[in-house]
Number of protein chains: 2
Amino acid sequence: MKLAEDDIRQRFRACGLKVTPQRAAIYRALAETTSHPTADALYQQVRRRYPMMSPNTVYYTLGALRDAGLVHEVNYWHDGARFDANLTSHHHLVCLGCRAIVDLMDARLDRLAAPALQRRAFDIIGHRVEFHGYCAACRASKPGTTRRRPEPKKRMRRA
Amino acid sequence: MKLAEDDIRQRFRACGLKVTPQRAAIYRALAETTSHPTADALYQQVRRRYPMMSPNTVYYTLGALRDAGLVHEVNYWHDGARFDANLTSHHHLVCLGCRAIVDLMDARLDRLAAPALQRRAFDIIGHRVEFHGYCAACRASKPGTTRRRPEPKKRMRRA
DNA sequence: TTCCTGTTTAGGAATGACTCCTATCTACCA
DNA sequence: TGGTAGATAGGAGTCATTCCTAAACAGGAA
Ligand SMILES: [Mn+2]
Ligand SMILES: [Mn+2]
Ligand SMILES: [Zn+2]
Ligand SMILES: [Zn+2]
């Protein structure tokens with residue numbers, strides 16, 4: 001999916017982000033793949049054209065793009081493993097504020113299936129549904145609007 | 001949910017795991033909470049009764065319990081953030097072998113809702129469905145049975 | 001255009017969650 | 001009861017990410 005320079009410029013400006021060559025290159029690399037790359041993979045990619053770019057810039061930029069909503073983190077809460085001894089089939093509600101995880105039993109959700117096309121291409125052994133939102137405590141402490149963006153993570157470069 | 005010492009012993013034996021006080025304490029702590037704790041939270045908890053326990057033991061034990069199937073890791077692939085510039089609503093297929101992430105568009109999955117009870121307790125702003133399995137390449141390279149357990153992660157203490 | 005200022009960048013140091021290594025230690029079966 | 005594979009403690013190492021800082025620069029103001 002080719003992406004015009006001006007297109008990128010517009011999207012950045014719309015979010016109040018300065019347009020720099022590094023930033024545009026990182027965003028372009030991400031927008032032109034469907035592989036859901038890591039920060040390092042993007043760094044390796046972009047570094048070919050900008051050999052002096054710092055890995056740090058990639059982290060900083062991805063953070064900025066994410067905070068601006070231009071990019072999503074697929075595995076959002078990928079820090080610290082979280083364990084569960086409850087082996088019965090169930091799903092979870094995740095609080096984006098305090099990272100609490102609440103069990104959610106719902107037989108309907110257990111029965112979901114991927115479309116036939118993917119079931120053939122992929123040997124699927126299970127699935128998981130995750131609802132994201134704010135628990136009562138976090139909702140109370142943030143009298144914001146109804147729709148909001150996830151909190152920055154605990155360890156987070158200043159916005 | 002009180003858990004008898006013998007109950008733990010039986011579960012461990014059934015999986016061929018040696019029964020040690022540390023291991024039983026860690027498993028008990030995890031089985032008696034619904035909070036989906038981190039390794040460190042479990043360490044802090046268990047350390048009260050076994051002050052000389054090493055954090056390393058907690059990691060080792062959780063790995064063993066997980067490999068035995070006695071425990072689940074809720075946020076399975078929590079290493080390295082993975083990014084996505086595709087902002088349209090969609091879900092993912094995750095290969096447990098090579099960690100590839102494949103897009104999956106399915107309007108049915110977009111429409112899922114949590115039960116009313118949780119919708120009231122939690123301010124839900126979105127959800128995500130993740131199918132887990134093995135991609136064609138990984139399936140081919142592992143002529144195993146149809147149901148199998150996820151691969152150990154790249155960086156993984158020897159089983 | 002030129003200047004000013006708040007961002008952004010590069011790079012190096014620090015962090016935190018693990019993972020590796022190794023010398024004991026011990027549960028468990030013979 | 002003893003031998004041994006597997007477990008524990010603890011110290012060192014790793015890796016993704018974050019923190020810190022000085023220099024570079026984008027974009028609005030003049
Ligand atoms: Mn759970
Ligand atoms: Mn995607
Ligand atoms: Zn919360
Ligand atoms: Zn694969």
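Proteins come first, then strands; the chains are lettered A, B, ... in the order of their sequence lines, and each starts at number 1.
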- prompt: Quick one: side chain to side chain contact (heavy atoms under 4.5 Å, CB included) partners of Gln10(A), sequence neighbours excluded?
  reply: none
query: Does Ser54(B) have any side-chain hydrogen bond (donor to acceptor under 3.5 Å, both in side chains) partners at least two apart in sequence or in another chain, and if so, which?
result: none
Extract from the structure each pairing of a protein N or O with an N or O of nucleotides 28-30 of chain D at less than 3.5 Å, listing the distance.
| unit_1 | atom_1 | unit_2 | atom_2 | d |
| --- | --- | --- | --- | --- |
| dG28(D) | OP1 | Arg13(A) | NH2 | 3.2 |

message: If the condition is side-chain hydrogen bond (donor to acceptor under 3.5 Å, both in side chains), which residues does Thr20(A) pass it with, not counting sequence neighbours?
response: none
statement: Bend of the helix from dT1(C)-dA30(D) to dA30(C)-dT1(D) from end-axis comparison, five pairs per end, nearest 10°, comes to 30°
task: Determine which pairs satisfy ring pair (Phe, Tyr, Trp, His ring centres under 6.0 Å) with at least one residue from residues 30-50 of chain A, sequence neighbours left out, and list them in order.
output: His36(A)-His92(B)
- prompt: Residues from residues 20-44 of chain A sitting under 4.0 Å of DNA chain C, heavy atoms only?
  reply: Thr20(A), Gln22(A), Arg23(A)
message: Test of understanding: with side-chain hydrogen bond (donor to acceptor under 3.5 Å, both in side chains), list the residues that count as partners of Thr38(A), not counting sequence neighbours.
response: none
Can you check nucleotides 4-6 of chain C for protein contacts, nitrogen or oxygen pairs under 3.5 Å, and list what you find?
| unit_1 | atom_1 | unit_2 | atom_2 | d |
| --- | --- | --- | --- | --- |
| dG6(C) | N2 | Lys18(A) | NZ | 2.8 |

Set of side chain to side chain contact (heavy atoms under 4.5 Å, CB included) partners for Ala116(B), sequence neighbours left out: Arg119(B), Arg120(B)
Gln45(B): side chain to side chain contact (heavy atoms under 4.5 Å, CB included) partners, not counting sequence neighbours: Ala29(B), Arg48(B)
- line: Across all chains, not counting sequence neighbours, the side-chain hydrogen bond (donor to acceptor under 3.5 Å, both in side chains) partners of Arg82(A) are none
